[in-house]
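Here the structure comes first, spelled out in structure tokens, and everything after it is commentary.
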Protein chains: 2
Amino acid sequence: MVRPERRTVRDLRRGNRAVLLRALYFAGPTSRHELTALTGLSAATVSNVTGDLLADDIIVEAGLVDSDGGRPRVLLRVNPTYGFAIGVDVGETHVRVELFDLDMNELAKSEFALRPGAHDVDVVVRHVLSGIDAVVADSGVPPSKVLGVGVGVPGIVERGPEAMIHAQTFGWHSVPLGSLLRAGTPFPLHIDNGAKTMGQAEMWFGAGRGSRHAVIALIGSGVGASIIADGVTYRGANSSAGEWGHTKIAIGGRGCRCGGRGCLEAYIGAEAVLERAGIDVDTSTEQAAFAELVTSGSPVIDETVEYLGAGLANLINLFNPERIVVGGWAGLLLGQHLLTTIKQRAAENCLTQPYSTASIVLGRLGPDAVALGAATLVVDEFLLSTTSSSVSREPAVS
Amino acid sequence: MVRPERRTVRDLRRGNRAVLLRALYFAGPTSRHELTALTGLSAATVSNVTGDLLADDIIVEAGLVDSDGGRPRVLLRVNPTYGFAIGVDVGETHVRVELFDLDMNELAKSEFALRPGAHDVDVVVRHVLSGIDAVVADSGVPPSKVLGVGVGVPGIVERGPEAMIHAQTFGWHSVPLGSLLRAGTPFPLHIDNGAKTMGQAEMWFGAGRGSRHAVIALIGSGVGASIIADGVTYRGANSSAGEWGHTKIAIGGRGCRCGGRGCLEAYIGAEAVLERAGIDVDTSTEQAAFAELVTSGSPVIDETVEYLGAGLANLINLFNPERIVVGGWAGLLLGQHLLTTIKQRAAENCLTQPYSTASIVLGRLGPDAVALGAATLVVDEFLLSTTSSSVSREPAVS
DNA sequence: AATACATAGTCTATATCTTGAAAAAAGTCA
DNA sequence: TGACTTTTTTCAAGATATAGACTATGTATT
């Protein structure tokens, strides 16, 4: 119940420093003058704080801009090579590790295939760790400049020092992935559910930009969602919020791979859709088969769209977002061909007032943005807490 | 995307003052010494800030307590008569206005019956305004000490200066209730959905105490929910978040009074349950009939519990709360007799991990806490922003 | 009764912080 | 060159929280 918390006068500085850095990061090259408007700080403070940040090499000057008839403005920007972030995507078919600078340019990449069904924890951990070593070596980035590693994994991630994972599809039950990775790498770790990391990528660089209340719906073989409440990913009490795929849309309905009945995923997840259409596939042919099915005019797709519309409507009724982003490879395929129908079905199943203020759009980053999103976790932390003096970091997993 | 915002050194004071006052309000009589632990502030600051608050008469001393072998502690508490809050419950059958001191003791009450179906805006506004006048007069509280009026209404409340209301069951479409009330009363207004105000009452004084992530499920004739995310009511982009009753639990299912099909409310709302059981009632006999039905062993009740369990499971999957509070008159009746079955059905329809960390409990405040909750909106604002000097308030509806 | 001890609360000196105003810097224009 | 414009920095003033010394107010012991 007790909400706000600030104490000393030093926290003020830290806070304002973070506000300013964040504004600079998302607004791109900006003059000090504009920053006063963006942050609400006085010109004196902006000058003071930017001075600090320049001295720390966290931001750099980025050219001049004329100001009609006066001193030209000096543009400032975040120094893209001040630090680097590593993003890891642990998927059903692969482990992908990418290294980015602060502008999110990909500087190196390392990928390992996973054999279907072979999601041994040891194997995954080994791939992740060697991937980290590989991208650091390939990019030539000195390890001291690596700000951290973000990891997107399937299933439920309990945040905490151990980062316990529960992932049914991987057969992972209470796997302390944080501890396991920590033993093999010195970099700060940020472990989160893959749907949430991808959601953050869409929020920062994709279809979610500019909205404060949004839901990113991810439809692939499975179904998940990332809920953005007031600009930040909503996690709930134990970080498992957003398990949209296993909400019930039919009592006693179709069986789901989670063991339950009537889950939304059992109707709109690509695996379930293909099964319902009587198409037999394996992981390698799944996407092609689904793409063909979508354009085939099959009644199964009509039904799928009906359920998808209802599922989206439920999200709108419960969360009242300003935007719904439909993503995931299957979601993108459905959306590319049937977006208007999907919207129609959503409207039919939703209260008019919240529906009218929500826009349903397609994701813009493609299905492979999990690693990018994972890296944004690192950047997010960096923007929030750049304590200039102390370089030491507490070795916590967050 | 830009989240934190703090500026001047004065905001610090305001913030710390609010933190301290809040701690004092919820912890009850507390010594300065304990407050240092509760707030994290230094003893010096606690002394300093409490000095201010004492001088402003916002807090008062409340006796001594021995401290073994040393100077006794002086207990402090919020001055219950520093100000007063008015809460209004606009329901389907009545308009109820109550006046509370800061300890939430009810000092005066005024009630008006509404004829079924007669929810004319003018009538409601007149009742609310004369109710406000009545409770102020009855209690003898000087108008200058009334901190504000909280109003809980059905339907969707768009927050903003006009406080536009959309309430299907009342036949209200885009009614600017804020403007209408403002014209007739000088007190600051806080208008919100009744389910949300009641949820806040349960969080402050009822079954929700102590949890930061909770959902208050309200089941009466209709069905609603209040979502508490990180200690505060979640509202979404336009304050309509939490419309649980009209989420779809069956595609193409039973018709609902909202016009849609397959809404949860069409299965577990008391009106719908009675209809499904073939029992014909009006507003006056509804509750008694429902109470009888619940204990009758009717298969309709079994089915209702099944749907309720699934509905709760969906809330747990999506929001990952630590607690679910079942309230509303019908919810309480169901829960009193069938809580274990409800929990079982919820477990069957929910992912195990989030279910295992959520407790499902009954509401403790009874169905009439809407006005109390509405008054807490006023107190919440009071605790957050007690600017000592300036007594003037901006006349905004929030 | 006097003294020692323990705990609670206040006071003071200090280091920070943001801000407004004034000053400086860096241009354009005539 | 000098007047003017706009951006940025500098500086003094006002406000804040903290640590640590100090005061207040009890009980226990001699």
Side-chain angles (χ1 to χ4, degrees), chain A residues 4-20 23-24 29-55 59-77 387-390, chain B residues 4-21 23-24 29-55 59-77 386-390:
Chain A
E5 223 177 318
R6 276 287 161 115
R7 268 171 303 181
T8 164
V9 79
R10 242 161 180 160
D11 295 325
L12 254 190
R13 178 61 151 221
R14 257 198 291 281
N16 283 338
R17 193 176 155 116
V19 167
L20 207 148
L24 213 42
T30 312
S31 73
R32 292 176 178 79
H33 196 67
E34 288 173 89
L35 282 172
T36 63
L38 283 174
T39 61
L41 296 167
S42 70
T45 301
V46 168
S47 181
N48 192 338
V49 175
T50 53
D52 272 15
L53 290 170
L54 279 166
I59 65 176
V60 291
E61 299 195 345
L64 298 179
V65 136
D66 279 8
S67 69
D68 53 4
R71 176 174 174 174
R73 308 174 181 184
V74 177
L75 296 180
L76 301 171
R77 55 172 305 185
T387 43
S388 63
S389 48
S390 70
Chain B
E5 222 178 318
R6 275 287 160 117
R7 266 169 305 179
T8 164
V9 77
R10 245 162 179 159
D11 295 326
L12 250 191
R13 179 62 149 215
R14 258 198 291 279
N16 283 337
R17 193 176 155 116
V19 167
L20 207 148
L21 193 55
L24 213 41
T30 312
S31 72
R32 292 176 178 79
H33 197 69
E34 288 173 271
L35 282 173
T36 63
L38 283 174
T39 62
L41 296 168
S42 70
T45 301
V46 169
S47 183
N48 193 338
V49 174
T50 51
D52 272 15
L53 291 169
L54 279 166
I59 66 176
V60 292
E61 299 195 344
L64 298 178
V65 135
D66 279 7
S67 68
D68 56 1
R71 175 175 173 175
R73 309 174 183 185
V74 177
L75 296 181
L76 301 171
R77 57 171 305 187
T386 325
T387 43
S388 62
S389 48
S390 71

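Just so it is clear, the model here is predicted, and its values are computed rather than measured. Naming: A, B, ... by sequence-line order, numbering from 1 per chain.
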query = Taking the side chain of B:S42 as heavy atoms from C-beta outward, which of C:dA8, D:dA19, C:dC17 is closest to it?
reply = D:dA19
query = A:N48 and A:R17: side-chain donor and acceptor closer than 3.5 Å?
reply = no
task = Starting at the 5' end of nucleotides 23-30 of chain C, put B wherever the base has a protein heavy atom under 4.0 Å, S where only the sugar-phosphate does, and a dash everywhere else.
result = --BBBS--
request  = Whole angstrom is fine here: how far is it from CZ in A:R10 over to P in C:dA15?
outcome  = 11 Å
task = Check every strand shown and say whether A:V46 touches a base, only sugar-phosphate, or nothing at a heavy-atom separation below 4.0 Å.
result = nothing
key: Expected output: side-chain B:T8 to main-chain B:D11 donor-acceptor under 3.5 Å   = no
request  = Report the distance from atom CG of A:L41 to atom P of D:dT9, rounded to the nearest whole Å.
outcome  = 15 Å
inquiry  = Do A:L76 and A:R32 have side chains that approach each other closer than 4.5 Å (heavy atoms only, starting at C-beta)?
reply    = yes
message = Measuring from atom CG of B:L64 to atom CZ of B:R73, what distance do you get when rounded to the nearest 0.5 angstrom?
response = 12.0 Å
query = Atom CG of A:N48 and atom C1' of D:dA12: how far apart are they, to the nearest Å?
reply = 14 Å
message = Nearest to the B:H33 side chain among C:dG20, C:dA8, C:dT16, which nucleotide is it?
response = C:dA8
remark   = Rounded to whole Å, the CG-C1' distance (A:L12 to C:dA15) equals 14 Å
query = With a 4.0 Å cut-off, would you call A:D52 and A:R13 a salt bridge?
reply = yes
query = Would you say D:dT8 has OP1 or OP2 under 4.0 Å from some side-chain N or O of A:S47?
reply = no
query = Would you say the side chain of A:I59 lies within less than 4.5 Å of the side chain of A:T50, judging by non-hydrogen atoms?
reply = yes
Nearest-angstrom distance from the residue atom CZ of B:R13 to P of D:dA15 = 11 Å
inquiry  = Check this one for me: any side-chain N or O of B:N16 less than 4.0 Å away from OP1 or OP2 of D:dA17?
reply    = yes
ask   = Side chains of A:L35 and A:L41: closer than 4.5 Å at any heavy-atom pair?
value = no
query = Do the side-chain N or O atoms of B:T8 get closer than 4.0 angstrom to the phosphate oxygens (OP1, OP2) of C:dT18?
reply = no
ask   = To the nearest Å, how far apart are A:R32 CZ and D:dT8 P?
value = 6 Å
query = Between atom CG in B:L35 and atom P in C:dT7, what is the gap in whole Å?
reply = 19 Å
